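For ligands, and for the atoms within them, numbers begin at 1 and follow the listed sequence. None of these values were measured; they are calculated from a predicted model.
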Amino acid sequence: MLDRRTLLLSSLSLGACGATSPTPPAAPVVALKTLCPFPVGVCATALQLEEHGWTELVLSQFNQLTPEWQMKMEYTLQPDFSLRFDAPDAIVAFAREHALGVHGHALIWYSQGEAAFGALADDRFIAEFDRYVTGVVAHYRDRVVSWDVVNEPVTDEGSALRTSHWDRIPGPDGHIARAFRIAREADPRAVLFLNDYNLESNPTKGATFLRLVERLVSAGVPIGGIGIQSHLDIEAPAGQISSFMKSAAQFGLPIHVSEVDASLRNGRTFDLRSVAERQRQQLARVGELANAFMDLPRSQQFAFSIWGARDTDSPLRRDDRDDGKDRPVLFDEHGEPNPAYFAVADAFRRATPGSPAKTPQT
Ligand code: XIL
C-alpha cells in the first residue's frame, strides 16, 4: 500500500520526466511540532478558531500562533485612540487553553496608522505612539512571549529604509528605536523582533536590513530577535536563502522564520514552467530554508512559522490572481500534507538523535 508521500512524489516525478523514477522511501506523516525542540508556528484569525478542520490540523501539527491581522493597528486602534482586543484576546485564550505560544504581530508597520496619527500635532503624535505601543504590549504581558515590534522597515527595492508617517518620531532610526524601547518598558521579558520579507531573495534588501540591525544593537536598542518572513521566491538561485540565514546569524540573536509560504505562481503573465518544475523548485527552496534554520545554533532557533495552516487559509489563495491551484503551504485544503510538508519534516528530523545530517538540496 503506497502512502500519501510516495503517491505525491512519484506522480510529480513521473510528470517531470515522463518516466518511472525510484520511489523515495516512504515516510509517515508525523506532527511537525514533535520533530524539533523549537516552536512550529502558524498564523491564525479569530474566525478560524470556530472551524473544526482548522483547529484539528493546527492542534495536531503546531504549537505557536501568530495573529494574522487582528493584533495589528488596523484592528486594535479605534478612531478615538482607544484600543479593542476582542479578536486577538480570543486567539490568545485559545492558545492558552491548548498550551500554544503566541507571537505578537505587529506593533508598528509603515502601512498602518496614517489616518489616525496623521491628524495629530507633533507632541500628541509622540505621546499617542508611546501610548499605543505601551497599551498593546502591556495588555498581553506574560501572555505573548514575543513581538514583531517593527514590521517591514526596508523598501521593496532594498537600498533604504521606508519613509512613512512614523518619520515624525525624531532621532537616529527614529520610530524604530523608540518602538523597541517603549515595548521593552512595557514588558521586560518579551523577545522583541524586527521582521521583514524578501531578505533572502533580494541581497540588497537583506544587507540594508542587517545594517539596521547592527545600528540598533550598537545603539543599545533592545532588539531581541530577527524575523525573516520567508514568503519564498521559488525561482531564487540555490544558496541565497542559506547565505542570508548565515549572515543574519552573525548577531547571535534568535531568528524567527516567521511567515513561510512558497507560491507555485510567479505572477508573470506567461509562466512556462510545468507543474512538476514548479513543485521541484518549491521543494528545493523550502528544503533549503528549513535546513538553513536547522544549521543555526539551538539558541538562535526561535521558531519556524507557516503563513497559513492549509492552502485555502493562505492569503495567496485569496489573491485575485489565484488560479485555485496554488499550494503555497504545508497542507492542502483538506489538511492533507503537500509535498512541501515532507521537505520541512525531513529537515526537522535532523533534530532527532541518530538522524541523517542533511538532505541534499538541488
Ligand atoms: C497579511 C495577512 O495575511 C492578510 O490577511 C492581511 O489582510 C494583510 O497582511 N507580511 C506581514 C503580514 O508581516 O502581516 C502580512 O499578512 C503578509 C506580509
Side-chain angles (χ1 to χ4, degrees), residues 41-49 51 54 58 62 64-77 87-88 90-91 102-115 133 136 140 144 146-158 161-162 164 166 175-176 179-180 183 191-202 205-206 209 212 223 225-234 244 248 255-263 265 267 289 302-322 326-331 333:
V42 66
C43 62
T45 67
L47 200 58
Q48 286 164 335
L49 309 180
E51 210 248 281
W54 185 90
V58 166
F62 301 96
Q64 181 173 290
L65 301 182
T66 300
E68 183 174 350
W69 66 277
Q70 291 162 314
M71 208 177 256
K72 293 173 186 169
M73 193 175 276
E74 66 177 317
Y75 186 89
T76 55
L77 185 66
I91 294 170
V102 178
H103 175 71
H105 175 77
L107 292 172
I108 297 299
W109 195 10
Y110 77 93
S111 74
Q112 295 188 4
E114 182 164 17
V133 173
V136 176
Y140 288 110
V144 168
S146 54
W147 284 98
D148 289 329
V149 174
V150 173
N151 197 35
E152 303 179 357
V154 180
T155 60
D156 279 338
E157 174 272 336
L161 297 189
R162 291 181 189 277
S164 76
W166 301 123
H175 73 279
I176 298 172
F180 277 92
V191 185
L192 305 179
F193 283 82
L194 186 71
N195 188 52
D196 214 332
Y197 64 87
N198 285 1
L199 302 173
E200 68 289 330
S201 54
N202 177 345
K205 182 167 185 176
F209 180 89
L212 170 59
I223 179 171
I226 291 172
I228 306 174
Q229 290 186 11
S230 307
H231 299 290
L232 296 182
D233 169 4
I234 63 172
F244 179 75
I255 288 179
H256 185 195
V257 170
S258 56
E259 305 180 15
V260 180
D261 53 34
S263 178
R265 288 187 285 117
L289 175 70
F302 176 76
F304 193 96
S305 296
I306 312 299
W307 210 245
R310 302 160 298 184
D311 293 329
T312 40
D313 296 312
S314 164
L316 292 167
R317 288 291 293 270
R318 299 196 297 268
D319 182 311
D320 56 13
R321 292 164 299 171
D322 173 47
D326 205 357
R327 306 175 76 174
V329 291
L330 306 188
F331 297 93
E333 58 197 281

What is the nearest protein non-hydrogen atom to atom 10 (N) of ligand 1, stated with its residue, atom name and distance?
Glu152 OE2, 2.8 Å
Students often mix this up, so state it plainly: with edges at 30° and 60°, are the rings of Phe302 and His256 parallel, tilted or perpendicular?
perpendicular
Within 45° of the six-membered ring axis of Phe331 and under 6.0 Å from that ring's centre, is NZ or CZ of Arg310 located there?
no
Among protein heavy atoms, which lies nearest atom 4 (C) of ligand 1, and at what distance?
Glu68 OE2, 3.7 Å
Distance alone, cut at 3.5 Å: any donor-acceptor contact between the side chains of Ser314 and Asp261?
no
Of the side chain and backbone of Trp307, name the one, both, or neither that has a heavy atom under 4.0 Å from an atom of ligand 1.
side chain
Show which atoms of ligand 1 fall inside a sub-4.0 Å distance from at least one heavy-atom site of Pro315.
3 (O)
Numbering as shown, the atoms of ligand 1 that approach Asn151 to under 4.0 Å (heavy-atom distance):
11 (C), 13 (O)
Which residue supplies the protein heavy atom nearest to atom 8 (C) of ligand 1, what is that atom called, and how far is it?
Lys72 NZ, 3.8 Å
Considering only protein heavy atoms, which is closest to atom 11 (C) of ligand 1, and at what distance to one decimal place?
Glu259 OE1, 3.1 Å
Among Gln112, Lys72, Gln229, exactly one meets side-chain hydrogen bond (donor to acceptor under 3.5 Å, both in side chains) together with Asn151. Which residue is that?
Gln229
Report yes or no: is the cationic atom of Lys205 (NZ for Lys, CZ for Arg) under 6.0 Å from the centre of the six-membered ring of Tyr197, at an angle within 45° of the ring normal?
yes
So Phe193 and His103, do their side chains get closer than 4.5 Å, heavy atoms only?
yes
Any nitrogen or oxygen of Arg318 lying under 3.5 Å from a nitrogen or oxygen in ligand 1? Just yes or no.
yes
